[in-house]
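Notes follow the structure.
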2 protein chains.
Amino acid sequence: MSIQKPSLPKGTRDFGPLQMARRNFILDTIKDTFKLFGFQQLETPSMENLSTLTGKYGDEGDQLLFKILNSGNYLKDVEATDLEKGTAHVLPKVSEKGLRYDLTVPFARYVVMNRNEITFPFKRFQIQPVWRADRPQKGRYREFYQCDADVVGTDSLLCEVEILLMIKRVFAQLGISDYSVKVNNRKILTGLSEVIGEQGREGELCVAIDKLDKIGWEKVQEELAQRNFSADAVKKLEPIIGVNGSNEEKLAFLKSFLSTSEVGLQGVQELEEVTRLLTIYGESQEHLDVDVVLARGLSYYTGAIFEVKVNNVSIGSVSGGGRYDNLTGVFGLDGVSGVGFSFGVDRIYDVMDELGLFPQENLDQTKVLICHFDQAGFEYGLKVLQLLREAGIRSELFPDVTKFKKQLTYADKKNVPYVLVLGDDELVNQTATIKHMASGKQETVALGALIEQILE
Amino acid sequence: MSIQKPSLPKGTRDFGPLQMARRNFILDTIKDTFKLFGFQQLETPSMENLSTLTGKYGDEGDQLLFKILNSGNYLKDVEATDLEKGTAHVLPKVSEKGLRYDLTVPFARYVVMNRNEITFPFKRFQIQPVWRADRPQKGRYREFYQCDADVVGTDSLLCEVEILLMIKRVFAQLGISDYSVKVNNRKILTGLSEVIGEQGREGELCVAIDKLDKIGWEKVQEELAQRNFSADAVKKLEPIIGVNGSNEEKLAFLKSFLSTSEVGLQGVQELEEVTRLLTIYGESQEHLDVDVVLARGLSYYTGAIFEVKVNNVSIGSVSGGGRYDNLTGVFGLDGVSGVGFSFGVDRIYDVMDELGLFPQENLDQTKVLICHFDQAGFEYGLKVLQLLREAGIRSELFPDVTKFKKQLTYADKKNVPYVLVLGDDELVNQTATIKHMASGKQETVALGALIEQILE
């Protein structure tokens with residue numbers, strides 16, 4: 001066998017110890033919050049039948065699915081004449097499975113297959129990698145984690161409130177303080193298109209006004225004109241574009257602006273109810289920002305729409321979601337409505353990195369390294385190790401009897417905060433010298449006082 | 001689009017809430033132990049280049065790799081004449097990536113690619129799914145988790161001791177008490193083949209004696225004869241087969257039996273040193289069983305060999321590992337030796353299920369469901385919910401104003417231990433009635449006393 005220089009497939013990453021500790025810090029925070037709110041974890045297989053995946057993500061999505069070659073003689077159904085007919089023709093003959101593209105379709109499949117065992121309302125969360133054969137670029141990977149929470153089987157607006165509460169709790173615990181949770185409601189968008197006289201065209205309307213941030217009102221007007229929105233309609237829209245003030249002020253404005261649209265008023269009322277319930281819970285409206293032009297993959301959503309943006313960073317939205325009507329219709333089960341959202345773990349990681357928010361102390365890592373000068377010190381260290389671990393302190397004994405400097409370097413590189421130095425004196429007196437790596441200070445204590453000293 | 005009945009690919013599984021809670025109970029226990037011992041987590045991509053994977057698992061392993069079809073026009077290099085040449089010929093033209101088959105090869109690749117950044121000795125653990133295109137059968141899946149810990153870059157026998165300590169800690173915490181950790185050493189096996197006059201044939205010797213448990217000594221002798229082991233050699237082996245007694249007795253016997261083999265004696269000495277260090281640490285030899293015929297994938301191991309068997313269950317070994325000399329040689333980096341082992345999470349799950357060892361209380365789940373009779377009760381419940389969550393108690397408010405019975409059924413099915421009943425009286429008096437679901441007992445307490453009551 002020839003020796004190869006190994007490499008990673010493009011668009012994929014290893015996560016080494018430091019990255020894993022930081023990722024786990026984020027994921028554990030999210031998981032704790034999900035569980036505190038009564039969500040239960042689900043995991044589905046990485047591979048799904050292509051019949052489950054295909055046609056759910058549009059033509060482009062189908063192209064981006066990773067397909068698994070059938071096992072064994074995968075060519076048995078392929079004739080020479082098939083080759084001329086192209087990849088789409090050959091595909092069903094050589095592949096019947098693909099890798100998970102998101103967590104929503106597998107969730108829908110799970111609900112349909114287990115509908116008789118599931119207790120509704122079903123609050124599930126799911127944290128697993130997904131795969132997309134996208135062109136790799138900065139911040140876009142072919143394998144990345146999604147982190148979804150959904151409630152299906154209830155129309156209660158409590159679900160919307162809880163999504164806001166969970167977002168606020170997670171961000172508070174992660175130390176991200178300067179962010180906005182933008183909220184809107186599909187019904188408001190529907191109402192908008194009604195009152196400007198372009199009923200039923202909220203899809204196109206939203207595609208255009210979604211770009212407001214990027215291209216400005218001038219260009220949005222041009223685009224609407226190109227899409228054959230009447231000049232009158234565009235003019236009528238103008239007051240909406242400039243709306244500002246507190247959420248109460250915006251909602252009051254919308255109530256008047258949408259006064260002739262029943263569905264529009266319903267959307268406003270739903271948003272009002274969400275803020276009212278939030279207040280009863282005892283939570284402020286801080287970070288909450290009613291954004292009447294927020295659209296996000298409008299085709300899915302039928303009620304609330306959410307998006308979280310962290311301010312003053314180069315990264316776009318880090319979380320989003322909304323209410324939908326028909327999760328499982330494509331698998332033959334109608335009437336399963338719900339509301340869900342997703343934390344973008346990779347993006348939250350990048351935000352925290354950019355803002356320097358990761359805790360400085362070593363996450364998840366060894367707290368104490370025991371160092372020694374000879375075999376006797378090593379064996380004494382073994383006893384001390386037992387004491388430390390018995391007290392639940394993450395600790396290591398340097399495994400080789402070797403130069404002290406090498407042991408210190410190990411502690412330093414692994415970012416271990418405390419080193420115990422065990423020399424002849426310590427052994428004779430049954431003590432340990434604690435060296436605090438950051439300050440360089442050291443102190444000799446009796447074994448009986450060691451745990452207390454380290455834990456304080 | 002036609003409506004499909006969705007299904008799972010064969011050999012794959014969904015893990016619903018109860019299974020996930022139980023799996024997490026096992027995995028969290030293992031992770032805590034790994035971290036307590038100073039191991040750091042690594043995650044590698046699900047996909048590896050086929051050049052990284054192929055040739056590492058033997059011919060059969062290559063067959064069992066799941067290959068990913070290239071994206072885009074995957075047929076562009078395939079001519080009609082290629083088809084006749086068969087799947088092995090066509091494969092490199094249509095696929096360049098495969099799914100991870102184990103965690104060892106990706107770990108070796110990681111070490112080679114990051115050798116200049118890694119702090120040695122490197123203690124890493126890795127818990128991720130692997131995929132094998134095996135024929136699915138009871139207890140054998142095409143996607144399953146592996147859970148590995150390895151230390152590379154040191155020859156210290158402390159590593160072997162720590163593996164034993166970690167196994168004992170994990171099993172104690174999981175409540176598995178009747179099990180054996182079988183230990184052996186490759187050098188003892190080498191020594192055995194020397195002293196019976198069949199030097200260098202320990203491979204064949206082990207394949208035969210590995211079957212002792214299943215087929216008995218009579219048949220093992222036949223197999224050895226068929227493999228052209230001399231009658232004299234087989235006769236010389238006999239005392240080893242019947243060896244029993246305490247570990248000390250077995251080691252004493254081996255010392256005498258292997259007295260003419262330098263390498264054999266070294267193996268015995270290593271085992272003795274491991275038990276000596278274990279004693280210094282303060283750990284008993286309970287569960288430890290020196291097993292001179294333990295071989296396990298002998299080709300890898302150069303020193304210690306481990307295997308864990310739970311007694312009185314239908315499942316075979318649940319954990320195993322050993323010391324190896326050359327992890328990364330295949331990728332061009334020599335001299336990386338280490339010792340590692342793996343917990344079989346699926347098998348541990350099955351063992352705990354069979355023995356009824358999963359905690360009866362609901363793992364990881366909602367502790368309190370708040371129930372109500374009308375909108376006023378629902379809104380009062382929202383305040384109470386905030387109190388509970390603020391205290392870190394996993395809790396839910398039933399989201400819909402609906403029949404009380406429906407709410408109780410939800411609590412019952414979700415195995416929620418406490419229900420709070422909020423009626424008019426509770427609202428007026430600012431109290432809550434706590435119903436303990438298992439006993440049916442209920443009690444009305446002031447809101448101020450609620451948290452204490454639930455937490456006790």
Side-chain angles (χ1 to χ4, degrees), chain A residues 1 3-4 6 9 12 14-15 17 20 35-36 38 40-41 43-47 49 51-52 55 66-69 71 73-75 78 80 83 87 90 95 97 109-110 112-113 119 121 133 143 154 156 158-159 277 280-282 331-332 364 366 379 382 386 389 394 396 399-400 410 413-414, chain B residues 1 3-4 6 9 12 14-15 17 20 35-36 38 40-41 43-47 49 51-52 55 66-69 71 73-75 78 80 83 87 90 95 97 109-110 112-113 119 121 133 143 154 156 158-159 277 280-282 331-332 364 366 379 382 386 389 394 396 399-400 410 413-414:
Chain A
M1 193 174 355
I3 299 295
Q4 316 133 350
T12 70
D14 288 321
F15 297 114
M20 279 307 297
K35 289 179 189 171
L36 184 65
Q40 299 180 300
Q41 194 166 6
E43 283 193 7
T44 62
S46 303
M47 298 185 284
N49 292 320
S51 57
T52 299
F66 277 110
K67 286 101 181 173
I68 313 243
L69 202 58
S71 305
N73 181 6
Y74 60 87
L75 291 174
V78 183
L83 292 182
T87 54
V90 173
S95 172
K97 290 187 289 288
R109 177 194 53 68
Y110 177 83
V112 172
M113 286 177 66
T119 309
E143 174 176 48
T154 172
S156 170
L158 176 62
C159 306
L277 293 177
I280 295 175
Y281 187 89
F331 295 120
D364 246 18
T366 298
E379 293 185 14
L382 205 50
Q386 196 274 342
R389 288 194 182 143
R394 291 173 180 164
E396 295 179 61
D400 301 299
Y410 176 85
K413 284 202 175 165
K414 220 174 154 177
Chain B
M1 193 176 352
I3 299 296
Q4 316 133 347
T12 70
D14 288 322
F15 297 114
M20 279 308 295
K35 289 179 188 170
L36 184 65
Q40 299 181 300
Q41 194 166 6
E43 282 192 6
T44 63
S46 303
M47 298 185 285
N49 292 321
S51 57
T52 299
F66 277 110
K67 286 103 181 172
I68 313 247
L69 202 58
S71 305
N73 181 7
Y74 59 88
L75 291 174
V78 183
L83 292 182
T87 53
V90 173
S95 171
K97 290 187 289 289
R109 176 194 54 66
Y110 177 84
V112 172
M113 287 177 66
T119 309
E143 174 177 48
T154 172
S156 170
L158 176 62
C159 306
L277 293 177
I280 295 175
Y281 187 88
F331 295 120
D364 246 18
T366 298
E379 293 186 12
L382 206 49
Q386 197 275 341
R389 288 196 183 142
R394 291 175 180 164
E396 294 178 62
D400 301 299
Y410 176 86
K413 285 202 176 164
K414 219 173 155 176

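The figures here come from the full heavy-atom set of this structure, side chains too, leaving out hydrogens, waters and symmetry mates. Below, chain A is the first sequence line, B the second, and so on; all start at residue 1.
Annotation for A/Leu382 and B/Leu158: closest pair CD1-CD1, 3.5 Å, computed over non-hydrogen atoms. In plain terms, the two heavy atoms of A/Leu83 and B/Leu83 that are nearest each other are CD1-CD1, 4.0 Å. Pairing each heavy atom of B/Lys413 with each of A/Thr119, the nearest pair is CB-OG1, 3.3 Å.
Every residue two or more places apart in sequence or in another chain was checked for a side-chain hydrogen bond (donor to acceptor under 3.5 Å, both in side chains) with B/Arg394, and none qualifies. For A/Glu379, the salt bridge (charged side-chain N to carboxylate O under 4.0 Å, His left out) criterion is met by B/Arg276, not counting sequence neighbours.
Proximity to chain A is limited to the side chain of B/Glu143, based on heavy atoms less than 4.5 angstrom apart. Proximity to chain A involves both the backbone and the side chain of B/Lys67, based on heavy atoms less than 4.5 angstrom apart. Interface residue B/Ser71: only side-chain heavy atoms are found under 4.5 Å from chain A. For A/Lys35, the parts lying under 4.5 angstrom from a heavy atom of chain B are both the backbone and the side chain.
For the pair B/Gln40 and A/Met20, the minimum side-chain heavy-atom distance is 4.5 Å or more.
Of the residues considered (A/Asn49, A/Asp400, A/Thr12, A/Leu75), A/Asn49 shows the highest number of contacts with chain B, using heavy-atom pairs under 4.5 Å. Of all the listed residues (B/Arg389, B/Met47, B/Lys97), the one sharing the greatest number of non-hydrogen pairs under 4.5 Å with chain A is B/Arg389. Note on A/Phe15, A/Tyr410, A/Tyr281, A/Phe66: by heavy-atom pairs under 4.5 Å with chain B, the leading option is A/Tyr281. Heavy-atom pairs under 4.5 Å with chain B were tallied for A/Pro9, A/Ser95, A/Pro121, A/Gly282; the largest tally goes to A/Pro9. For the options B/Pro45, B/Gly38, B/Ala80, heavy-atom pairs under 4.5 Å to chain A are most numerous at B/Pro45. Chain A forms more heavy-atom pairs under 4.5 Å with one residue of B/Pro17, B/Cys159, B/Ala133 than with any other, namely B/Pro17. In terms of heavy-atom pairs under 4.5 angstrom with chain B, the leader among A/Asp14, A/Leu69, A/Ile68 is A/Asp14.
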